[in-house]
Amino acid sequence: ASAAGWVEFSNQKWGTNLSVDDYNENWSEMWGVDHEEGKKRAHIVYGSNVVSGFDPYDEALPVLQKLSKTYKLVIVTSRVSNIHEETLQWLERHYRDIFSEIHLAGFYEGQPKDAHIHTKAELCQQIGANYLIDDQPKHCLATAAVGIPALLFGNYAWSEAKNLPPGVSHVKNWQAVLEYFDGKAGA
């Protein structure tokens with residue numbers, strides 16, 4: 001939902017012709033603009049309430065509801081703090097009573113002197129997470145490297161990693177997530 005929402009906003013706002021597979025965490029590179037223009041556009045994105053309009057994954061809700069009966073579900077996100085409240089409202093609207101906590105890594109912040117910047121792997125360790133589900137290979141690889149199994153989620157251009165190490169499993173959709181955890185319950 002997030003990448004699709006960003007791409008749709010970009011295409012409407014700046015006349016880009018991006019698809020979800022063009023999405024890149026380096027927005028300046030994705031837009032083909034210099035760093036300063038990328039920062040200006042990022043401020044526009046963050047001030048636009050674009051998160052409020054993101055469509056939820058319809059197939060995620062029944063899976064998350066089922067998992068929440070057995071697991072404590074927590075969000076670890078790299079979203080910036082100035083869209084924290086908007087993100088919480090979106091979660092309440094679409095996934096009420098599913099997640100017990102939300103943690104912001106903060107590594108895309110402007111880094112004021114009192115900022116606490118963590119990797120997702122560090123946050124997962126800090127909160128005692130047993131698993132990570134993420135669409136970015138770098139987060140899954142780092143989390144697995146500290147002993148926390150990771151599910152590399154999605155069928156996106158950026159999530160198609162080859163030769164995954166032990167501790168990282170590729171799951172293409174929410175049904176595959178459910179099957180993964182159903183297998184854990186039967187083990």
Sequence-distant partners of R93, salt bridge (charged side-chain N to carboxylate O under 4.0 Å, His left out), two or more places apart:
none

Set of residues satisfying salt bridge (charged side-chain N to carboxylate O under 4.0 Å, His left out) with respect to E92, sequence neighbours excluded:
R96

Pairing residues for [X] by the side-chain hydrogen bond (donor to acceptor under 3.5 Å, both in side chains) criterion, not counting sequence neighbours:
| X | value |
| --- | --- |
| D22 | S19 |
| S169 | none |
| E59 | none |
| E101 | K72, H103 |

[atom1]-[atom2] distance between [X] and [Y], expressed to the nearest 0.5 angstrom:
| X | Y | atom1 | atom2 | result |
| --- | --- | --- | --- | --- |
| Q136 | Y156 | CD | OH | 10.5 Å |
| K66 | Y71 | NZ | OH | 10.5 Å |
| K120 | K138 | NZ | NZ | 8.5 Å |
| L132 | C124 | CG | SG | 4.5 Å |
| I133 | T143 | CD1 | OG1 | 12.0 Å |
| R41 | M30 | CZ | CE | 9.0 Å |

Give a yes or no answer on whether the side chain of [X] reaches the backbone of [Y] with a donor-acceptor pair at less than 3.5 Å.
| X | Y | result |
| --- | --- | --- |
| T70 | L67 | no |
| D21 | A157 | yes |
| H170 | G154 | yes |
| N11 | L18 | yes |

Given the rule that I, L, V, M, F, W and Y join up when any side-chain heavy atoms are under 4.5 Å apart, are [X] and [Y] in one cluster?
| X | Y | value |
| --- | --- | --- |
| W90 | Y57 | yes |
| W174 | L151 | yes |
| I127 | V146 | no |

All side-chain contact (heavy atoms from CB on, under 4.5 Å) counterparts of [X], not counting sequence neighbours:
| X | result |
| --- | --- |
| A42 | W27, Y46 |
| D34 | E36, E37 |
| L91 | I75, T87, Y95, F99, I102 |
| A142 | A121 |

Please tell me if the side chains of [X] and [Y] come closer than 4.5 Å, counting only heavy atoms from C-beta onward.
| X | Y | answer |
| --- | --- | --- |
| V74 | S100 | yes |
| F153 | C140 | no |
| E122 | T119 | yes |

Minimum-distance pair of heavy atoms, taken over all atoms of [X] and [Y]:
| X | Y | value |
| --- | --- | --- |
| S28 | G38 | OG-CA, 3.3 Å |
| L64 | I98 | CB-CG2, 3.7 Å |
| P137 | D135 | CD-O, 3.6 Å |

Please write out which residues are connected to V168 in a hydrophobic cluster, directly or through intermediates, given that two of Ile, Leu, Val, Met, Phe, Trp, Tyr count as joined at side-chain heavy-atom separations below 4.5 angstrom.
L141, L152, L164

Any donor-acceptor pair under 3.5 Å linking the side-chain atoms of W31 with those of T16?
no

Would you say that more than 12 heavy atoms from the other residues, nucleotides or ligands in this model lie under 6.0 Å from the CG of N17, or not?
no

Among all residues two or more places apart in sequence or in another chain, which pass the ring-ring contact (aromatic ring centres under 6.0 Å, His included) test with Y131?
F181

